[in-house]
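Report on the structure given below.
Each ligand, and each atom within it, is numbered from 1 in the order the structure gives.
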Amino acid sequence: MSKYSRRGLLAGSAATAAAFAQSSAAKPKNIVISSANGLICCQRAMQILQSGGDTLDAVVQGVTLVENDPADDSVGYGGLPNEEGVVELDASVMHGPTRRAGSVAGVQNIKNVAKLAKTVMEQTHHIMLVAEGARRFAKAMGFPEENLLTEKSRLAWMVWKQSLRDPQGNSNWNGGRNAAKPNIAQLRKAFPDATEELLAYAWDRAIHPPTGTINCLALNAKGEMSGTTTTSGLAWKIPGRIGDSPIIGAGLYLDQDVGGAGSTGLGEENIRVCGAHTIVENMRRGMSPKDACLDVLKRISRNYNDDKSRMTFNINFYALRKDGAYGAATLFGEGGKLPQFAVNDGANGPQSRLEDTAVLYTR
Ligand code: GLY
């Protein structure tokens with residue numbers, strides 16, 4: 001006889017469903033969570049919640065601050081470009097009260113793509129617009145067009161190009177045939193106007209292409225929820241590559257009856273496990289937000305037969321339940337440090353705080 005009898009399974013699912021029903025009966029409160037790059041985002045979103053604003057307005061206005069910030073090279077203006085040096089942005093939104101969604105992908109020259117995804121949701125009967133169509137829609141809706149490549153991100157892109165070699169070790173981009181891969185000393189000669197700090201940054205980004213992003217989830221005191229995810233995607237990607245962020249169910253998912261979830265990190269891994277949707281369904285069946293996130297990380301690990309040496313990437317999940325419980329988890333804690341995420345529940349005045357995520361593995 002199976003170790004897991006049908007009666008046992010039914011009793012277990014009844015217990016977890018009861019636990020969820022009990023937890024979801026708790027009085028809702030204003031709370032915003034995001035990836036670690038969202039301290040200011042959560043603060044802005046909380047201001048909007050406290051002044052009675054809509055949860056989707058709150059998260060979109062929050063991430064807009066990050067999209068506008070050239071110092072964040074994973075989102076919006078100043079995001080690292082594709083392999084041709086062109087910034088292409090992806091974003092999605094979900095609005096709990098109306099149960100609607102919008103998304104855009106592969107958008108060039110439009111900075112505020114979370115707002116653009118919200119505009120797709122509000123002004124069309126579609127859910128997803130991509131590339132040139134999304135850009136033309138943005139123009140029609142009055143979004144300004146601008147070059148999103150900063151001098152800093154252009155330099156990082158040039159350094160990445162100079163680091164490439166064909167199988168014989170040759171490169172068209174520096175020093176001719178058989179030239180050694182660039183090092184910081186050579187970069188100093190090639191880019192004499194760049195500061196040491198900028199060169200070190202560009203070198204690091206060339207060697208470790210980032211997959212940052214911002215995900216933000218909000219709950220208000222009426223129990224309404226919304227979420228958004230916005231990104232410039234994987235640095236140096238093939239033009240047209242779309243990550244998980246604009247995919248409803250992967251980079252973002254929210255069910256007003258249960259809660260929301262989102263992701264940052266290497267999107268391809270998330271798409272294969274429908275991460276955000278799986279987390280929400282885990283919470284529906286009674287898992288805590290943290291355990292729901294860890295379960296999805298285990299599914300990603302399973303795709304590599306749990307062989308850590310093959311998992312040469314990292315990925316994070318964030319979850320907020322409709323009773324205000326929240327959590328986050330990361331595949332790898334690295335270098336003895338726990339990864340973090342941002343929280344604003346009003347407990348620190350207007351300030352957001354960072355909390356540690358759970359980790360599945362360390363390295
Ligand atoms: N998670 C962002 C991306 O992979 O595009």
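Residue D244 places at least one N or O, backbone or side chain, under 3.5 Å from an N or O of ligand 1. Between L266 and ligand 1, no pair of N/O atoms sits closer than 3.5 Å.
When the heavy atoms of G243, S245, G265 are ranked by distance to atom 1 (N) of ligand 1, first place goes to G265.
Salt-bridge formation is detected for the pair E196/R188: a Lys NZ or Arg NE/NH1/NH2 atom is positioned less than 4.0 Å from an Asp or Glu carboxylate oxygen. The existence of a salt bridge linking K29 and D323 is excluded, since no basic side-chain nitrogen approaches an acidic carboxylate oxygen closer than 4.0 Å.
In this structure, a donor-acceptor pair under 3.5 Å is absent between the side chains of N344 and Q43. Looking only at atom types and distance, the side chain of N316 has a donor-acceptor partner in the side chain of T264 under 3.5 Å away.
If you check which protein heavy atom lies closest to atom 2 (C) of ligand 1, you get T213 OG1, 3.1 Å.
Contacts classified as side-chain hydrogen bond (donor to acceptor under 3.5 Å, both in side chains) and involving residues 138-147 (residues at least two apart or in different chains) are given here: R135-E145.
Residue R241 places a heavy atom less than 4.0 Å from ligand 1.
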